[in-house]
Protein chains: 2
Amino acid sequence: MNNKNEVSIDAFFNPHVPGIDYGVLDSLVGYGVRRAQLALNDLFIQSLAPWNITPPRFSALIVISRNPSLKLTQLAKVLGIARSGAVMLVDALEDLGYVERLDVPEDRRAFGLALTAKGQADLVAITQAVVQQDQLAARPLGAAGSEQLLAMLQQLANPNR
Amino acid sequence: MNNKNEVSIDAFFNPHVPGIDYGVLDSLVGYGVRRAQLALNDLFIQSLAPWNITPPRFSALIVISRNPSLKLTQLAKVLGIARSGAVMLVDALEDLGYVERLDVPEDRRAFGLALTAKGQADLVAITQAVVQQDQLAARPLGAAGSEQLLAMLQQLANPNR
DNA sequence: TATTGTTATACTCTATAACTATA
DNA sequence: TATAGTTATAGAGTATAACAATA
């Protein structure tokens with residue numbers, strides 16, 4: 001405990017303040033997911049602060065790296081945001097020197113998104129930090145528990161598919 | 001399907017666009033929680049739109065109703081937000097006619113938060129809508145699965161407690 | 001001095017709508 | 001006409017910092 005690689009948890013969201021009655025909230029799956037998301041988000045942002053990377057930026061970097069020449073409209077759809085939001089996201093990643101817009105010969109309206117050399121290099125370290133932090137957070141569940149949790153979350157997120 | 005009580009799912013976040021490689025994202029518990037949270041949030045907001053109630057507003061109403069004479073600073077701590085945010089939240093709930101600030105005799109700086117009669121009445125219907133929507137979303141998991149999921153999420157949110 | 005609520009200000013992430021240049 | 005990207009604008013929701021009244 002109190003290792004220099006860990007962060008004080010007192011600065012973060014305490015999901016259960018002693019002496020407070022949470023009523024129906026404690027029995028809602030939706031509230032449980034929200035609480036977990038807030039807690040994980042804090043940890044995520046802390047561990048990625050050195051690179052100025054937020055959760056949506058990380059998702060964008062991964063998707064761009066795995067899907068060569070992705071178009072901005074596709075990125076917006078994948079991330080579940082409006083095109084205008086994707087523009088600002090890509091602008092930010094371009095400012096960080098991580099992403100570039102490449103001309104697409106077949107369609108002069110569009111361009112393909114790609115990681116820069118710096119983006120590729122840093123994404124390796126960033127991904128390592130994310131995976132490490134994710135495994136640390138999920139450790140209480142064990143490997144089997146984590147997989148089971150992922151499967152259940154997927155069922156929640158895909159109600160009718 | 002296509003019952004009038006359901007909402008078109010095409011308007012919402014699709015967590016897995018066909019033909020897209022999500023790379024490491026699919027194996028991260030943090031990303032799974034985030035995806036589920038986005039999907040549930042959409043459903044939540046839809047089902048509570050008639051009352052102009054958002055997730056943080058609902059949480060605040062429940063906490064205020066279950067903890068008489070709660071102070072604003074305590075509410076902020078429970079919700080994990082800054083005091084200034086709690087002020088705006090309470091302002092909004094006051095504008096909706098759901099919450100009022102009562103004088104506290106023992107401390108003239110503070111006041112106790114309370115639901116109005118309208119707040120109490122509407123919260124019954126609102127809670128019913130939330131619970132119904134939550135059970136609908138969690139149905140694929142079954143009752144036992146939901147409880148197990150809640151327990152796992154709690155372990156995620158409370159790393160060291 | 002410390003705490004309670006408040007205000008001012010700013011930042012992130014999101015949305016809608018209108019625009020341009022291509023298709 | 002429709003689509004790709006962009007811009008302008010707005011609204012939640014969050015934060016920090018400074019303030020007045022009270023403890």
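Only a predicted model underlies this, so the values are computations on that prediction, with no experimental measurement involved.
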Partner of A/Leu28 by side chain to side chain contact (heavy atoms under 4.5 Å, CB included), out of B/Leu40, B/Val130, B/Ile62, B/Thr127 = B/Val130
Could you check A/Ile81, A/Leu113, A/Asn67 and say which one makes a side chain to side chain contact (heavy atoms under 4.5 Å, CB included) with A/Leu75?
-> A/Leu113
Please work out whether the ring planes of A/Tyr22 and A/Tyr31 are parallel, tilted or perpendicular, with thresholds of 30° and 60°.
-> tilted
Can you name the ring-ring contact (aromatic ring centres under 6.0 Å, His included) partners of B/Tyr98, sequence neighbours left out?
-> none
Length of the [atom1]-[atom2] vector between [X] and [N], whole Å:
X: A/Glu106; N: D/dA4; atom1: CD; atom2: P; answer: 13 Å
X: B/Leu72; N: C/dT7; atom1: CG; atom2: C1'; answer: 13 Å
X: A/Phe111; N: C/dT22; atom1: CZ; atom2: P; answer: 13 Å
X: B/Lys77; N: C/dT3; atom1: NZ; atom2: C1'; answer: 13 Å
X: B/Lys71; N: C/dT3; atom1: NZ; atom2: C1'; answer: 9 Å
X: A/Asp91; N: D/dG5; atom1: CG; atom2: C1'; answer: 11 Å
X: A/Leu38; N: D/dT14; atom1: CG; atom2: C1'; answer: 11 Å
X: A/Met88; N: D/dA8; atom1: CE; atom2: P; answer: 12 Å

Charged N-O contact under 4.0 Å between [X] and [Y]:
X: A/Arg35; Y: A/Asp26; value: yes
X: A/Arg101; Y: A/Asp91; value: yes
X: A/Arg139; Y: A/Asp134; value: no

Quick one: on DNA chain D, does A/Gln74 or B/Pro56 contact a more 5' nucleotide (nearest heavy atom)?
-> A/Gln74
Short side-chain N/O contact from A/Arg101 to OP1 or OP2 of D/dT6, under 4.0 Å | yes
Between A/Thr73 and D/dT3, does any side-chain N or O lie under 4.0 Å from OP1 or OP2?
-> no
Atom pairs under 3.5 Å, N or O on each side, protein against nucleotides 16-22 of chain D: can you list them with distances?
| from | atom 1 | to | atom 2 | distance (Å) |
| --- | --- | --- | --- | --- |
| D/dT16 | O4 | B/Ser84 | OG | 2.7 |

Counting side-chain heavy atoms from CB outward, which of C/dC13, C/dT4, D/dG5 is closest to A/Ala110?
-> D/dG5
